[in-house]
Amino acid sequence: MRATKGYSYNLLAAALLVFPMVGNGGGAAGDGSFVDGTNVGGSAVYHEDPSSGMWTSMPVGIPDDPFGFRFEPVCFDHLAGNVECLAANQAACTAGENGRLVFWFRGLKIRDRALWEKVEETPSCIYSEEPVDVGERIQEQILTAFQERPIAAGKLTLQPSPHTLVGMETNVYVEAVEQVFEMVLLDQTIRIIATPTEYEVNYGDGSVYGPTGVPGGPLHQDRWGEQTQTSHQYSVSGDYQVGATVHFSGTYSVNGGPMIPIDGRAAVSSEPQTLRVWRAETRSVADNCLVNPGGVGC
């Protein structure tokens, strides 16, 4: 049986040791009583301060406060503990190790502690160690987990391709889809949704378009050469590496809960495509190719 800071997983045994009968004139060591914010039993417990939402090892109060605090476990009547009740209530305190439901009592330190009044009728949890905020830890790690997901890159299309002409409008567009990932992080089931939100096109000649929310779109072949919002004209012939990057925004949920935005994005680049830009030449000719098959344009 593992014990931490003087507390045991055996709730019944722990309660018998930590909460003896309190007689007139004060509590014995280990009775769960606090004086000036210190547990006279010598073992700290952690509870959540309802006014601040912070976890603390000290109850409500200040060193000069004439009032003291003590706690009693739920399901106890003097020294006789209801084991079934204890087991059921233990399940309610899962934020940290050795969680137990207790009632807090408050009274003047000079009064018999058995006469101290209950702080509230609703019990609260105490722990032998400060509980870990799993949600906060997930939030700290979720961006890295999101950016490490195998998000599929957008599909890059060039029209025309793989050849185009100098001075011709070459239409470029990107297709990307929303993607869903399931994973386990800190023993919690996490669902991540990656949504494409912005697009960036590198035309390979030093020109970059975006980031923009416009991915572009296809043109029918008989409209190739028309200007579009994402098209580009090359001024020099040669081979160019055209690439695209899609920026994905993310949301996540924990154990089927509500979707929460991820503070950051993932940038996924497509494999570049080689586009060969040719120069077109136009000449006026008067040759009859039937007469002169070697003439210009024949």
Could you walk me through whether Gln139 and Tyr252 pass the side-chain contact (heavy atoms from CB on, under 4.5 Å) test, one step at a time? CA-CA 10 Å; Gln139 189 175 25; Tyr252 73 100; 4.0 Å; yes
Kindly write out the residues that satisfy side-chain contact (heavy atoms from CB on, under 4.5 Å) with Thr228, not counting sequence neighbours, or none if the list is empty. Asn171, Leu219, Thr230, Ser231
Going by side-chain contact (heavy atoms from CB on, under 4.5 Å), name the residues that satisfy it together with Val208, two or more places apart in sequence or in a different chain. Glu200, Asn202
Please report the shortest heavy-atom distance between Ala194 and Phe146, naming the atom on each side. CB-CE1, 3.7 Å
Give a yes or no answer on whether the side chain of Thr197 reaches the backbone of His247 with a donor-acceptor pair at less than 3.5 Å. yes
Is any side-chain heavy atom of Pro123 closer than 4.5 Å to a side-chain heavy atom of Phe103? yes
Euclidean distance, Glu226 CD relative to Met168 CE, rounded to 0.5 Å: 10.0 Å
Quick one: are Trp116 and Arg111 in side-chain contact, heavy atoms under 4.5 Å? yes
Run the numbers on Val254 and Ile190 for side-chain contact (heavy atoms from CB on, under 4.5 Å), then give the verdict. CA-CA 5 Å; Val254 180; Ile190 308 298; 3.8 Å; yes
Glu120 side, atom CD; Thr122 side, atom OG1 - distance, nearest 0.5 Å: 5.5 Å
Can you check whether Val236 reaches Asp205 side chain to side chain, under 4.5 Å on heavy atoms? no
Between Arg70 and Arg113, is there a donor-acceptor pair closer than 3.5 Å when you use the side chain of the first and the backbone of the second? yes
How long is the gap from CD1 on Ile142 to CD1 on Ile260, to the nearest 0.5 Å? 9.0 Å
Could you report the tightest heavy-atom contact between Val174 and Ala244, atom names first, then the distance? CG2-CB, 3.7 Å
Can Gln179 and Phe248 be said to form a side-chain contact (heavy atoms from CB on, under 4.5 Å), step by step? CA-CA 10 Å; Gln179 299 163 57; Phe248 289 84; 3.7 Å; yes
Side-chain heavy-atom pair His163, Trp278 within 4.5 angstrom cut-off: yes
Taking all non-hydrogen atoms of both residues into account, name the closest pair between Glu198 and Pro211 and its distance. OE1-CB, 3.8 Å
Aromatic ring proximity Tyr240/Tyr234, centre distance under 6.0 Å: yes
Do other residues, nucleotides or ligands put more than 12 heavy atoms under 6.0 Å from the CD atom of Glu117? no
Is Asp263 atom CG crowded by more than 12 heavy atoms from other residues, nucleotides or ligands, each under 6.0 Å away? no
Mind checking whether Val201 and Tyr199 sit in one hydrophobic cluster, side chains of I, L, V, M, F, W, Y counted as touching below 4.5 Å? yes
Count I, L, V, M, F, W, Y as connected when their side-chain heavy atoms are under 4.5 Å apart, and connections chain through other members. Are Leu165 and Tyr203 then in the same cluster? no
Would you indicate whether the side-chain heavy atoms of Leu186 and Gln141 approach each other to under 4.5 Å? yes
Exceeds 12 heavy-atom contacts within 6.0 angstrom, atom NZ of Lys155: no
Separation between OG1 (Thr251) and CD1 (Ile193), nearest 0.5 Å, reads 4.5 Å
Would you say Leu158 ends up clustered with Trp224 if hydrophobic residues are merged whenever their side chains have heavy atoms under 4.5 Å apart, either directly or through other cluster members? no
Is there a path of hydrophobic side-chain contacts, each under 4.5 Å between heavy atoms of I, L, V, M, F, W or Y residues, that connects Phe181 with Val184? no
Side chain proximity check, Ser253 to Arg191, heavy atoms < 4.5 angstrom: yes
Atom CD of Glu178: over 12 foreign heavy atoms under 6.0 Å: yes
Is there a donor-acceptor pair closer than 3.5 Å between any side-chain N or O of Ser270 and the backbone N or O of Gly154? yes
Supply the atom-to-atom distance Gln273 CD to Ser161 OG, rounded to the nearest 0.5 angstrom. 5.5 Å
Hphob cluster co-occupancy, Ile138 + Met183, side-chain heavy atoms under 4.5 angstrom: yes
Closest non-hydrogen atoms of Ile151 and Val268, given as atom of the first, atom of the second and distance, are O-CG1, 3.6 Å
Under 3.5 Å, is there a donor-acceptor pair linking the side chains of Gln159 and Thr170? no
